[in-house]
Amino acid sequence: MKRHLLLFLCMISISVFSQELIDSTNVALIDTAITEMQHSGIVLNVCDTPNDDGTSITIKWDINDSLKGYLMDIHRIHGECDTAIALDMNPEKGIHTDNMVHGGTNYMYYALFKKDDIVKKTDNSLPVKAIGQWFNKERFDSFIVLLLIAGAFAWFIYLAKKGKSFYIRKIAGLDAVEEAVGRSTEMGKPIMYLLGIGYVTDIPTIAGLTILGRVAKKAAEYDTRIMVPSYDPVVMTTAQEVVKEAFTEAGRPDAYRKEDTMYITQDQFGYAAGVDGMMMREKPGAIFLQGLFFAESLILAETGYSIGAIQIAGTTETAQLPFFVAACDYTLIGEEMMAASVYLEREPLMLGSIVAEDLIKIIIVFVLIIGFILGLLGHGFKIGFFTDMFEWLVRII
Amino acid sequence: MIKGKGIPLAISFLTGTIIIIAFFIPHAPFGSFEEISLRWYSIIAGFTMLLGVDSLLRLHTNKIKRKENHWAYSIVLLFGFLLIVIVGIISTIRYGNAFLTGSGFMYMYDNMIIPLQSTMFSLLAFFIASAAYRAFRARNFDATLLLITAIIVMFGRVPISEMISPKIPIFTEWIMSVPQMAAKRGIIIGIALGAIGVSLRIILGIERSYLS
Amino acid sequence: MAISTSIWIWIAALLTLSIYSFLYKDNPFYKFSEKILVGISIGYTVSIYFHNTIIAKVWNPLVHDHNFLVIVPLILGLLMFSRLFKGKAYLSRIPIAFVVGTGCGMSIPSSFENLFKQVQGTMPQVFTIGNIIILIGVLSTLIYFFFSVEHKGIIGKVTRVGITFIMIGFGAAFGATIMARISLFIGRIQFLLGDWLGIIS
Amino acid sequence: MMKIINYLDHIDKRWIYLVLAIAVIFPFLFPIGCPMKITPPVSNMYNYINDSIPEGGVMLVSVDYDPSTMAELHPMGKALITHCFSKNIRVFLMGLYPPGVGLAQDMISNTLEEWNKSNPDNIKILGNDISLFAFVPGVSVVILKMGEDIRGTFNTDAYGNDLDSLPIMAGVNTYNDIDYMVDLAGSSVILSWIIYANGRYNQKMGIGTTAVSMAEYYAYLNSGQANGMLGGLKGAAEYEALLIKNNVSQDRNQASIGMDAQSSGHLTYIIFIIVGNIIYFIKRKKEK
């Protein structure tokens, strides 16, 4: 992504830049006419920029001490047209990319090195064309991993479709859902479910919404109120639908109360204050905090603790997790939260995808162990062969 | 048909897969897909934000109309909103760019948003104090470990600890750069895999709660 | 230094104090400052969005470059508002699907980069006890996140080590976060006592 | 006994707030002056600026934070600018996000006023010795573009003056002309600077970041991608201590005083956690 952005911006900057520089280019050329032109021993190596869409050419040259203190101009020749593509560069970079070329056309390049009134010129380079590539070789490793992951996903989903059942380990915080809902019911108190301050497009919010579906179903089965104060209007309407569907699934569509999923305000601390007030008034027996939380996490968790509710929290924000761990009864940490919907739903296809994730983890564990052993033998015991193997492994990663 | 989830699911599938494919193919037209969809993404996602702002403003105008409790504060909120927008427009006209230093817009930013926001966040220092006293309990082994580490780190990061023993800050740095780093790496790898998992489930249409 | 004579400093100081008054109890001063903060900051966010996105990515391409393709995201964005109309809310699924789909598509390659970076970072170039502990920590934390294996026997013991690392990590992050919050409070005190009252220099 | 425990357990929150407020404000009025040990990442940065940048050299400071982390990062910027003034190094400030530009402006007016008051024989002027680039959206794109052409990237300074008209710009075109750069930020934008400015253009750089983010950047110090780091208020305080030690500035500054307050604040938290848990355990024992 950054590559493309960069390319795009370089193009803009150079287009703006090159127009402005037409006059100064002429000046530079006049200079070269007056002073005696020396020949420089430098050779420009030009080639198509690899792994791009065919709109750039890379120019390289060797750096040596004879260039110290010189400034460098690079010119592109296309037919009769001689354009300066870079002016007054420091030659020590050794590389320049020309992003203003058309694919499939032949170009030649030469450079001028200037210091005071000495100007040295290189020979014209060999003609070169920019060609777009169909595969980005730098991303070959990512491609392999993608194939692996996609393959693992496909395989386990296929197995799941064929009826194989998968095991999923106990997640304490999720087993407590039943207990929390049950206890709220016994005490005759409502349940509160907070989705945090994310939008419906944030992955943790989506994970929170799926967990909400399961919790709401439990609440419907126990015939307990579930309140969902929301931060964002789209999240709110989505949550309404999710709760409604859950109540219908549980066979209690009559018990669904739309007004229990309400909009508070789209303002971080205003939301925290609003929810705080609601907690103090309604005294929920169980509070779920599942979604994207930031600084308000602590305010919410502390109030929840002070009213004695069972609290089950979960987020991917590592800075907020410690507060949840310290103040809540159960906390879903990072990936646990993303897997929670699968855990609660136990749908075979979803289970398959979790097993696939685990397979990748096993591969990572092995790579780390192999890397460690190679590193130990190579760098620790200085065995050249293993050093090379280690370097190779690090490089491909 | 249009009311169902079919079309949206297809859109998620197509956009998701095209972007993944484009990641590996620099050749036109794929090369520019990522950049275009990123631009579109920021335009559309901005509307989600606008929708929220719209709801918020609507909530407060309704409060004023119905003269609900504390409706006067809603006027304050609307006033603040209109004020900065108007100042922003005036600054844009006068300076060509509202973000130039010295424009009224930046003046409001520097002297109202900066102090108010940082004060608001600093309130958390107090809430943490009360939570430290009332809610952070060593209720089990994990929580105990967490609190002890927290105490060591808090203590090791201030100069007083050096007066007691110069080893304390060194130990704190070690906690930060070794066990902390290890746990963080593990969690990040987990989250990255989890995100890939959720993304694939969404692209493949297994996960669809967000379309409710 | 003496007490400030700048009107802006007075405004900032009074707003700061009225926010702190909340610690005693909720009161009209706090409510006033809080509402003005919300009003101004959403106004500011909207202005930023307008400047950085609408002008730079919609208006300029449309008017100067005649790139009419940007009308598509504009319409998709407007569809988001169909949420507000009963019976038409389903239309908003289309932009949501686009945004979620794009987000997921982009998160996969960027998650890869994250993965590679973290794995590479764990491969030690030099052998110190610290590096070995990091390796053990990463492995055990990772095994804690295994979902398809029961945490019993050896795996159970390893995950126990993993959770220990996680808790130490959280404790450290916790301490660091507290440090940041108190720094903010210190900043405000410096402003009140220094810039405003001029008691300290 | 149990009565006290019960009282402490249900104590009004406001007493807790009051104790914390007193603990933090007290050191401002009656400074303690904790001794400061200078850590290597800080002294490395100080020494580099002190010894390796020639007189008339150029330093760039990017202000990429917002008010929420300003208390930690603002003093760093001020200390760096004061140091550069004393060595007659030209300082450029910039911000990749709009808030940063506002904060940088505040930093400039503050340091200029203070410096010119205490050093009437070496007056520093905006536009000659220090300058602030205009805000340009694009973040990593801006970093990259600066490697090609700084004037073309910004065009004007933040006050609307044409860059070509400023004396401070003499000979400044790309990163090659900048001797050192420090990024002050509490977010991952530091990585963009490391990857693009250092990685692609070999810009020598240092990091100034919050206490929270410090741990993330050790790796880049080890690898040499950055040669110094200021972490949190403590990093800033250490830098100030170095300035005082070398007679660049006379009195203890913002961060150093803040450090006393930070110490007593931390101790208060620790006491709260311990007392709170003692109460918790006594009550739990009684309940059993």
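Residue numbers begin at 1 in each chain, while the letters A, B, ... track the order of the sequences. Keep in mind it's a predicted model, so treat the numbers as computed, not measured.
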Within a radius of less than 6.0 Å around CD1 of I4(D), do more than 12 heavy atoms belonging to other residues, nucleotides or ligands occur? no

At what distance, to the nearest 0.5 angstrom, does OH of Y133(B) lie from OH of Y269(D)? 15.5 Å

Residue from V19(D), L8(D), T39(D) scoring the most non-hydrogen pairs under 4.5 Å with chain B is L8(D)

Counting only heavy atoms closer than 4.5 Å, note whether L116(B) contacts chain D via side chain, backbone, both or neither. neither

Is A71(D) close to chain B through its backbone or its side chain, or both, or neither, when contacts mean heavy atoms under 4.5 Å? neither

S263(D) and V158(B): which non-hydrogen atoms are nearest, and at how many Å? OG-CB, 3.4 Å

Going from CZ on F126(B) to CG on L18(D), what distance comes out if it is rounded to the nearest 0.5 angstrom? 9.0 Å

With the threshold set at 4.0 Å, does a side-chain nitrogen-carboxylate oxygen contact exist between K234(D) and E173(B)? no

Does NZ belonging to K283(D) count more than 12 external heavy atoms closer than 6.0 Å? yes

Measuring from M259(D):CE to I160(B):CD1, what's the distance to the nearest 0.5 Å? 9.5 Å

Exceeds 12 heavy-atom contacts within 6.0 angstrom, atom OH of Y280(D): yes

Of the backbone (N, CA, C, O) and the side chain (C-beta and beyond), which part of M120(B) lies under 4.5 Å from a heavy atom of chain D, both, or neither? neither

Per-residue contact mode, A211(D) against chain B (heavy atom under 4.5 angstrom): both

What heavy-atom pair brings L20(D) and A129(B) nearest, and what distance separates the two atoms? CD2-CB, 4.0 Å

For L267(D), is it the side chain, the backbone, both, or neither that has a heavy atom closer than 4.5 Å to a heavy atom of chain B? side chain

Rounded distance [0.5 Å steps], CZ in R284(D) versus CZ in R137(B): 11.0 Å

Roughly how far, to the nearest 0.5 Å, is CD1 of I273(D) from CZ of R134(B)? 14.5 Å

Is it the side chain or the backbone of I279(D) that comes within 4.5 Å of chain B heavy atoms, both, or neither? side chain

Interface moiety of K13(D) toward chain B, non-hydrogen atoms closer than 4.5 Å: side chain

More than 12 foreign heavy atoms under 6.0 Å from CZ of F281(D): is that the case here? yes

With a 4.5 angstrom heavy-atom cut-off, which part of N277(D) approaches chain B: side chain, backbone, both or neither? both

To the closest 0.5 Å, what do you measure between CG (L147(B)) and CD1 (I270(D))? 11.5 Å

Taking side chain as everything from C-beta outward and backbone as N, CA, C, O, which of these in Y109(B) sits under 4.5 Å from a heavy atom of chain D? Side chain, backbone, both or neither. side chain

Engaged part of A131(B) at the chain D interface, taking heavy atoms whose separation is under 4.5 Å: neither

